[in-house]
Trainee: 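Shown below is the structure under consideration.
One-based numbering, in listed order, for ligands and for the atoms of each. Since we're looking at a predicted model, the values are computed, not measured. By convention here, the first residue in the shown sequence is residue 1.
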Amino acid sequence: MTTVSTTPIDGQKPGTSGLRKKTRVFMQPHYLENFVQSIFDGIGGAQGKTFVLGGDGRYFNTQAAQVIIRMAAANGAAHVIVGRDGLLSTPAASHLIRLNKTDGGIIMSASHNPGGEEEDFGVKFNMSNGGPAPESVTNAMFERTTTITAYHIEEAQDVDLHRVAESELAGMKITVVDPVADYAALMETLFDFDAIRAMFANGFRIRFDAMCAITGPYGQEILENRLGAAAGSVVNGTPLPDFGGMHPDPNPTWAHDLMDVMNGDDAPDFGAASDGDGDRNMVVGPNIYISPSDSLAVLAANAHLAKGYTKGLKGVARSMPTSAAVDRVAEKLGLDCFETPTGWKFFGNLMDDGRVSLCGEESFGTGSDHIREKDGLWAVLMWLNILAKREMSVAEVMHDHWQSFGRNFYSRHDYEAVDSDTANAMIADLRGKLGDLPGQTVQGHRIAMADDYTYHDPVDGSVSKHQGVRVMFDGGARFVIRLSGTGTTGATIRLYLEALETDPAAFDQDPQVALDWVIRAAEDIAGIRTRTGKSGPDVTT
Ligand code: VG1
Ligand code: CO
């Protein structure tokens with residue numbers, strides 16, 4: 001074992017989901033090592049502990065896995081359970097942490113950020129409940145990065161990660177596991193595989209775009225091998241270090257190939273895509289795009305049709321910027337509905353405390369208390385289960401939903417790679433105005449409330465401030481503005497837009513048209529376009 005002297009490196013503060021940086025930054029001397037040592041120190045040491053380890057297969061994944069294994073051994077860990085070739089989707093890692101009752105896990109991923117030597121890499125720690133470390137823990141890790149003087153690492157040959165086997169390194173057990181098997185078995189306990197299999201046998205067609213990221217092997221095993229979807233239903237199914245040059249963010253902009261197929265002649269019955277680490281999903285039907293907020297609401301309304309959820313849901317939760325579509329379902333079903341800041345780490349307490357069983361975010365993330373992460377393939381299977389049981393098309397399910405609950409028109413506008421000072425000044429000015437906004441009329445609509453969202457965790461009492469500026473109008477429309485905490489270049493401004501429609505005659509509008517006045521009101525108040533000099537968003541979802 002070697003103890004290497006080091007000095008603190010600036011900027012190792014975890015964001016919305018772990019530490020994300022340019023891959024080359026992570027490859028600098030001591031960079032990964034400093035952060036990994038700070039993780040171990042931040043959780044009170046690794047001595048005697050068991051960890052899960054895996055990543056989404058992006059460039060530097062395998063080298064980083066070897067470093068982390070050697071550091072875990074040198075820090076006295078008892079056991080590391082690692083996915084074959086260092087691969088695990090984020091949901092599969094969360095499941096393995098729980099299944100094996102481990103002390104947590106390290107996930108190597110920058111999720112929806114592009115991968116490759118010139119792109120992004122990331123590392124995050126999940127707790128023994130399988131969920132992302134809460135702010136108190138990530139803050140302790142960050143503090144440690146600012147005072148670190150040394151890290152511990154074994155000097156050793158690379159561990160063989162290519163075969164499912166057990167080995168040992170300096171007294172630490174290493175178990176290489178099949179990345180897919182346990183996750184696939186969990187899915188079989190939650191969904192009616194027979195009903196879905198029968199639907200495929202009847203000619204139902206799916207296109208699942210894994211975007212050359214981690215879900216390819218999961219999709220092939222579960223959709224094609226176990227459920228009988230036609231061979232070739234999973235496209236871009238081989239994880240590549242640079243994701244084939246794609247941007248593995250499952251939205252209409254980046255999953256445009258899928259959108260083209262789903263909007264074309266002879267579209268399959270169902271389309272889906274997932275992100276780099278497999279925790280997100282986009283679902284689409286022939287000529288119909290499902291907004292993630294609507295998807296969450298549909299899953300909440302129909303979950304009882306899947307065998308893992310027949311007893312009904314305990315409650316539901318959504319991130320603050322996510323539309324209130326799920327709130328309307330919860331109200332009708334008599335379920336508690338919680339609102340949390342952006343990022344999955346806030347849902348864990350609610351699930352552990354038995355308050356909610358279904359959660360979601362507007363950013364294409366949905367999941368349940370089967371694990372403590374959002375889960376892309378889970379959402380796809382839930383949709384398939386619902387379609388199989390209801391014997392309806394995606395469009396029919398969606399229209400039926402709006403008839404029952406009304407439609408929350410929703411869109412997110414992202415302004416990317418904005419100069420950080422410009423973005424920070426815009427937010428600061430906006431915060432300064434909040435007190436004066438209520439009562440004013442903008443674009444013909446009266447502002448009912450405006451604030452900078454603060455979350456009070458009902459379980460542990462922790463308080464999280466500055467989680468996004470919200471401006472709410474009479475009648476249920478609103479916009480929210482916050483800065484991304486996952487980007488690595490400049491700032492990304494996210495503008496979230498929502499308007500409630502209860503008149504069925506207006507359900508078929510284009511969301512951008514329905515939201516036009518909210519878009520203009522946001523510009524009047526915040527001036528994103530004026531300040532950034534951009535004529536419109538870079539990405540619209
Ligand atoms: C984004 C999304 C957020 C999500 C996070 C991690 O964060 O908005 O909803 O939880 O990414 O998702 P931000 O701070 O950039 O808005 V993933 O799939 O990157 O782990
Ligand atoms: Co992700």
Trainee: List ligand 1 atoms under 4.0 Å from Gly343, heavy atoms only on the residue side.
Mentor: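 Ligand 1 atoms under the 4.0 Å threshold to Gly343: 10 (O).
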Trainee: Any atoms of ligand 1 less than 4.0 Å from a non-hydrogen atom of Thr342? List them with their elements.
Mentor: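 In order of numbering, the contacting atoms are 3 (C), 8 (O), 9 (O).
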Trainee: Hey, are Asn126 and Glu373 close enough side-chain-wise for a donor-acceptor pair under 3.5 Å?
Mentor: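 The criterion, which ignores hydrogens and geometry beyond distance, is satisfied for Asn126 and Glu373.
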Trainee: Taking 2.8 Å as the limit, list every protein N, O or S atom around the Co ion (ligand 2), by chain and residue number.
Mentor: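 Hits for the Co ion (ligand 2) below 2.8 Å: Ser111 OG, Asp275 OD2, Asp277 OD1, Asp279 OD1.
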Trainee: side-chain hydrogen bond (donor to acceptor under 3.5 Å, both in side chains), that's the test. Do Tyr496 and Arg478 meet it? Break it down for me.
Mentor: CA-CA 8 Å; Tyr496 309 81; Arg478 65 168 186 163; over 6 Å; no
Trainee: Quick one: nearest non-hydrogen protein atom to atom 2 (C) of ligand 1, plus distance?
Mentor: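 Answer, as residue, atom name and distance: Ser363 OG, 3.5 Å.
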Trainee: So is Lys21 actually on top of Phe26's ring, under 6.0 Å and inside 45° of the axis?
Mentor: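 That pair does not qualify as a cation-pi contact.
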Trainee: Does ligand 1 have a heavy atom under 4.0 Å from the side chain of Arg412, from its backbone, from both, or from neither?
Mentor: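 Arg412 to ligand 1: side-chain contact only, backbone stays beyond 4.0 Å.
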Trainee: For Asp275, take its heavy atoms, then give the atoms of ligand 1 lying under 4.0 Å from any of them.
Mentor: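 Those of ligand 1 that fall under 4.0 Å from Asp275 are 18 (O).
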Trainee: Would Ser319 count as a contact residue for ligand 1, given that I'm defining contact as a non-hydrogen atom of the residue lying under 4.0 Å from a ligand atom?
Mentor: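 For ligand 1, residue contact (heavy atoms, under 4.0 Å) with Ser319 is absent.
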Trainee: Can you tell me if Glu523 and Thr530 form a side-chain donor-acceptor pair at under 3.5 Å?
Mentor: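 Side chains of Glu523 and Thr530: pair found under 3.5 Å.
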Trainee: What pairs of residues pass the salt bridge (Lys or Arg N to Asp or Glu O under 4.0 Å) test when at least one of them lies in residues 317-326, not counting sequence neighbours?
Mentor: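 For residues 317-326, and leaving out neighbouring residues, the salt bridge (Lys or Arg N to Asp or Glu O under 4.0 Å) pairs sorted by first residue read Arg318-Asp327, Arg318-Glu339.
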Trainee: Determine whether the side chains of Arg494 and Ser484 contain a donor N or O and an acceptor N or O closer than 3.5 Å.
Mentor: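 Result is yes, a qualifying pair exists.
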Trainee: What atoms of ligand 1 come closer than 4.0 angstrom to any heavy atom of Thr16?
Mentor: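 Close to Thr16: 5 (C), 7 (O), 13 (P), 14 (O).
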Trainee: Looking only at the side chains, is there a donor atom on one of Ser111 and Asp275 sitting less than 3.5 Å from an acceptor on the other?
Mentor: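 Short answer, yes.
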Trainee: Please evaluate residues Ser38 and Gln12 with respect to the criterion side-chain hydrogen bond (donor to acceptor under 3.5 Å, both in side chains), reporting the C-alpha separation (whole Å), side-chain torsions for both, the decisive distance (0.1 Å), and the verdict.
Mentor: CA-CA 10 Å; Ser38 300; Gln12 293 198 322; 5.1 Å; no
Trainee: Please identify which atoms of ligand 1 are closer than 4.0 Å to at least one heavy atom of Arg494.
Mentor: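 Close to Arg494: 8 (O), 13 (P), 15 (O), 16 (O).
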Trainee: Between Arg20 and ligand 1, which part of the residue brings a heavy atom under 4.0 Å of the ligand: side chain, backbone, both or neither?
Mentor: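 Within the 4.0 Å criterion, Arg20 contacts ligand 1 through side-chain atoms alone.
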Trainee: Among all protein heavy atoms in this structure, tell me which lies nearest to atom 7 (O) of ligand 1, with the distance rounded to 0.1 Å.
Mentor: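 The answer is Thr486 CG2, 3.5 Å.
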Trainee: To which of Glu362, Lys374, Glu361 does the heavy atom nearest atom 6 (C) of ligand 1 belong?
Mentor: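 It is Lys374 that holds the nearest heavy atom.
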Trainee: Which is closest to atom 17 (V) of ligand 1 by heavy-atom distance: Ser109, Ser17, Ser111, Gly485?
Mentor: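 The option holding the nearest heavy atom is Ser111.
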Trainee: Report the relative orientation of the aromatic rings in Phe191 and Tyr309; use parallel for angles under 30°, tilted for 30 to 60°, perpendicular for over 60°.
Mentor: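 Tilted: the ring planes of Phe191 and Tyr309 meet at 30° to 60°.
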Trainee: Testing the 3.5 Å rule here: is there a donor-acceptor pair between the side chains of Asp460 and Ser462?
Mentor: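 There is such a pair (donor and acceptor under 3.5 Å, judged by atom type) between the side chains of Asp460 and Ser462.
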Trainee: Taking 4.0 angstrom as the limit and counting only heavy atoms of Arg482, give me the atoms of ligand 1 inside it, by number and element.
Mentor: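 Taking each heavy atom of Arg482 in turn, ligand 1 has 13 (P), 14 (O), 16 (O) under 4.0 Å.
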Trainee: Could you find the nearest protein heavy atom to atom 1 (C) of ligand 1 and give me its residue, atom name and distance?
Mentor: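 Minimum-distance protein heavy atom for atom 1 (C) of ligand 1 reads Arg280 NH2, 3.6 Å.
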Trainee: Checking side-chain polar atoms at under 3.5 Å, does His401 have a donor or acceptor matched by the opposite partner on Asp294?
Mentor: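 Judged by distance alone, the side chains do not pair up.
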Trainee: Look at Arg280 together with Asp249 and state whether they make a salt bridge at an N to O cut-off of under 4.0 Å.
Mentor: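 Counted as a salt bridge, because a side-chain N and a carboxylate O are separated by less than 4.0 Å.
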Trainee: So, Asn251 and Thr541: side-chain donor and acceptor under 3.5 Å apart, yes or no?
Mentor: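 No - no donor-acceptor pair under 3.5 Å links their side chains.
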Trainee: With side-chain hydrogen bond (donor to acceptor under 3.5 Å, both in side chains) as the test, would you mind laying out the steps for Asn281 and Thr366 before giving the verdict?
Mentor: CA-CA 8 Å; Asn281 72 93; Thr366 26; 3.0 Å; yes
Trainee: Heavy-atom contacts under 4.0 Å between Asn113 and ligand 1: side chain, backbone, both, or neither?
Mentor: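 It is neither; nothing of Asn113 touches ligand 1.
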Trainee: Is the shortest N/O to N/O distance between Tyr496 and ligand 1 below 3.5 Å?
Mentor: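 No, since none of the N or O atoms of Tyr496 sits under 3.5 Å from an N or O of ligand 1.
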